[in-house]
Number of protein chains: 2
Amino acid sequence: MVTMQDVARHANVSIATVSFTINNTKPVSARTREKVEAAMRELGFRRNAVGRALASKRTRIIALLFPALQHSMSGTVIQFFTSAAATARELGYNLVLWPISNEAGQATELTANGLVDGVLLMEVELDDPRVQELQESGTPFALIGRTRAPEELTYVDINFEETLVAAVQHLTALGHRNIALLDDAIGSRSLAAFGPVSRSRDSFEAEMRRQDLVPTAFTCEANPAAGKAAAAEILAAYPGVTALIVQNEQAAPGLASGLRRAGRRIPQDLSVLSVASSAEMAAMVDPELTVLTSPGHELGRMGVAALIDQLEGRATSLRQELVMCRLEGGGSTGPVPAQEGPAQEEAVE
Amino acid sequence: MVTMQDVARHANVSIATVSFTINNTKPVSARTREKVEAAMRELGFRRNAVGRALASKRTRIIALLFPALQHSMSGTVIQFFTSAAATARELGYNLVLWPISNEAGQATELTANGLVDGVLLMEVELDDPRVQELQESGTPFALIGRTRAPEELTYVDINFEETLVAAVQHLTALGHRNIALLDDAIGSRSLAAFGPVSRSRDSFEAEMRRQDLVPTAFTCEANPAAGKAAAAEILAAYPGVTALIVQNEQAAPGLASGLRRAGRRIPQDLSVLSVASSAEMAAMVDPELTVLTSPGHELGRMGVAALIDQLEGRATSLRQELVMCRLEGGGSTGPVPAQEGPAQEEAVE
DNA sequence: TTGTAAGCGTTATCAA
DNA sequence: TTGATAACGCTTACAA
């Protein structure tokens with residue numbers, strides 16, 4: 001290994017000068033800079049990350065804490081991981097992966113050995129114990145998601161509120177008035193505990209009411225079989241429904257096939273709009289689902305950038321960002337069916 | 001931060017003794033050990049990872065190199081990431097994520113700053129330039145996958161050979177004789193360049209011939225639309241086919257719907273067996289596909305373990321492991337259709 | 001503008 | 001069985 005000491009000797013300068021040159025941390029004459037750079041080139045010097053970390057008290061490593069029990073959108077998650085790691089690298093950082101259970105206690109343990117400068121927390125719940133834990137341990141952190149009251153926190157999240165407004169408006173623009181939402185039961189967690197579900201549902205209901213429509217919501221587990229069962233349930237409970245908004249990636253294909261099996265053609269008889277899902281998943285269904293895609297890439301990039309800004313003290317203010325889902329084509333939404341429309345509106349109003 | 005110095009003072013011993021006690025690296029009297037442990041407990045000491053790394057010349061960090069352009073099985077990948085990270089943690093290591101393009105040159109650059117002790121390489125191609133690069137740079141590494149001649153390398157891979165034998169036998173046991181394979185074009189890479197595809201195809205053909213059957217193979221891009229098109233193509237080129245083996249996760253749903261659209265019921269008229277895919281993906285299709293699932297979890301665990309064994313010099317011999325895919329239920333394979341069977345066998349023989 | 005030298009928190013060698 | 005102490009490779013006052 002070539003050390004700074006080696007470079008210094010080779011360039012006939014002190015080790016401090018080499019450091020100043022590399023880091024641009026003090027003025028260095030052009031002549032010296034050239035000597036040093038030549039020496040580095042000739043020796044193939046690479047500054048050692050560990051020595052640097054020890055001396056500067058900053059490892060330039062950040063950790064991604066994610067729940068080991070992965071239940072959600074895998075397409076989006078992989079996008080997120082990739083872009084988070086790539087962004088970290090661009091900014092001179094490394095990203096370590098820490099799968100943890102949602103219990104408290106683990107985050108601090110991991111953080112206490114000084115390996116990481118900060119932490120990115122995924123799958124944040126509305127009342128997440130890990131947040132307080134991190135605060136108490138003094139670890140800088142940023143959230144992917146939001147707690148119930150995130151005013152004092154750095155976070156990046158999907159703008160579920162506006163996404164659901166966009167979803168409703170996409171469908172009402174097509175003439176739909178009898179619109180139902182199908183969301184996610186997320187295991188045993190209560191509905192209210194999970195931000196994406198509760199924020200979306202609230203926003204769906206508000207936007208429907210704003211348009212003088214009656215909001216109806218259903219929930220099912222995150223798997224195709226549950227989606228299929230939900231299809232039957234929804235059609236029985238709400239026969240006049242002409243459009244469904246699905247925020248449940250795993251259930252969407254089952255829902256579609258359940259609807260088809262019940263004799264409803266998509267989108268001729270019934271429109272289906274998938275929200276906060278991935279384009280790849282939507283493409284698995286036939287016909288391809290119209291989808292408001294989760295911005296996995298943006299969340300990864302912005303989350304890492306927000307955390308690093310904070311670490312480098314260059315955050316002028318708390319970074320709190322919300323990203324919209326983007327509407328992507330697909331053949332599962334269309335105009336409301338002509339003849340049946342009026343009868344069904346009546347039934348609801 | 002509580003340092004070893006603090007602990008030493010508090011316990012009235014030297015800092016060396018504290019180190020010996022923590023690491024069990026030299027005998028320590030029971031009495032001293034107690035004093036030290038009490039001091040550590042009282043002060044809440046956590047040994048600093050960076051100081052340790054600098055002194056021991058081992059960071060206990062390993063890197064996962066994966067292609068930034070993700071084209072493959074996302075369900076399996078997330079399993080793999082999670083279990084790799086968890087295993088590393090269990091063994092006292094951290095896993096950093098390095099998304100890189102497949103070009104050479106990047107691996108060395110990342111490795112040269114001494115941040116990681118070793119590297120795990122994903123998506124290995126048969127003639128992977130990164131392998132030579134890592135060898136030349138002297139970085140310890142293990143492969144997830146295999147090069148063309150991996151005799152001298154540490155690797156963990158799916159046993160594609162036996163998996164395809166199992167796939168063929170699963171179908172012949174159900175009476176099928178007219179079996180085709182649909183695999184993956186993997187972008188522009190030539191078929192021969194990618195191990196999973198070429199090994200599987202070779203094994204498929206060998207096992208078919210061994211059973212005196214005629215192997216037929218098709219290829220399509222990794223997306224549902226391509227799968228759908230492939231359905232038509234296959235039925236046209238091979239009308240007598242009664243069973244399909246699909247090694248193309250993204251295309252499988254499209255294939256199934258294409259077959260259905262062509263009037264073939266699954267599995268009554270045609271069996272479909274998905275190989276090297278994830279159970280979640282298989283469940284997206286209706287009926288749920290019978291699948292030989294990729295052992296993402298095992299690959300992650302074993303890959304990390306193999307690398308760390310090597311790093312700690314406790315690898316008695318080169319670790320080279322192949323893991324079978326596991327057959328998981330699903331309703332897409334069944335007995336060969338009774339009446340049409342003979343006629344079609346004839347057509348091929 | 002450059003150099004000297006004191007850390008940073010451990011490990012590990014050599015003596016005691 | 002324990003203690004001094006010299007690394008490890010770099011950053012950063014402080015001096016020159």
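All values below come from the heavy atoms of this structure, side chains included, with hydrogens, waters and symmetry mates left out. In what follows, every chain begins at residue 1, and chains take the letters A, B, ... in the order their sequences are listed.
Residue-level contact check: A/Ser19 touches the bases, meaning some heavy atom is under 4.0 Å from a base atom. Residue B/Arg58 is classed as having no contact, given no heavy-atom separation below 4.0 Å to the nucleic acid. Counting any heavy atom pair closer than 4.0 Å across all strands shown, A/Val13 reaches sugar-phosphate atoms only and no base atom.
As rounded to whole Å, 14 Å separates atom C1' of D/dG9 from atom CZ of A/Arg60. Rounded to an integer number of Å, the gap from A/Met4 CE to D/dG9 P is 12 Å. Look at CZ on B/Arg9: it is 18 Å from C1' on D/dT2, rounded to the nearest Å. When rounded to the nearest whole Å, the span between CZ of A/Arg47 and C1' of D/dC8 equals 17 Å. If you measure from atom NZ of B/Lys26 to atom C1' of D/dT1, you get 9 Å, rounded to the nearest angstrom. Taking atom CG of A/Asn48 as the reference point, atom P of D/dA7 lies 18 Å away to the nearest angstrom. Remark: P of D/dC10 and CD of A/Gln5 are 9 Å apart, rounded to the nearest angstrom. In this entry the distance linking CG of A/Leu54 with P of D/dA7 reads 17 Å, nearest Å.
Dashed line: the shortest gap from a side-chain N or O of B/Ser29 to OP1 or OP2 of D/dT2 is under 4.0 Å.
Residues A/Thr25 and B/Thr32 both approach DNA chain D. Their nearest nucleotides, taken by heavy-atom distance, put B/Thr32 toward the 5′ side. The residue among B/Phe20 and A/Ala16 whose nearest nucleotide of DNA chain C is located toward the 5' end is A/Ala16. Closest-nucleotide positions on DNA chain D for B/Arg33 and B/Ala55 were compared, and the one nearer the 5' end corresponds to B/Arg33. Comparing B/Arg52 and A/Pro27 by the nucleotide of DNA chain C that holds the closest heavy atom to each, the one mapping nearer the 5' end is A/Pro27.
The pair A/Glu90-A/Arg301 fails the salt-bridge criterion, with no side-chain N (NZ, NE, NH1 or NH2) lying under 4.0 Å from an Asp/Glu carboxylate O. Using a 4.0 Å cut-off between charged side-chain N and carboxylate O, A/Asp117 and A/Arg60 make no salt bridge. Taking the charged nitrogens against the carboxylate oxygens, A/Arg319 and A/Glu321 do have a contact shorter than 4.0 Å, which makes a salt bridge.
Ring-plane geometry between B/Phe81 and A/Phe81 is classed as parallel, the angle between the planes falling under 30 degrees on a 0 to 90 degree scale with a further cut at 60.
Under 3.5 Å, the side chains of B/Thr111 and B/Thr108 contain no donor-acceptor pair of N or O atoms.
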### Query
Could you go step by step and tell me if B/Ile61 and A/Ile61 meet the side chain to side chain contact (heavy atoms under 4.5 Å, CB included) rule?
CA-CA 11 Å; B/Ile61 300 176; A/Ile61 299 176; 4.0 Å; yes
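A side chain to side chain contact (heavy atoms under 4.5 Å, CB included) with A/Phe45 is found for one member of A/Asp6, A/Val36, A/Ile22 and no other, namely A/Ile22.
Between chain B and DNA chain C, the heavy-atom contact criterion of under 4.0 Å yields a 5' to 3' nucleotide range of C/dG9 to C/dC14.
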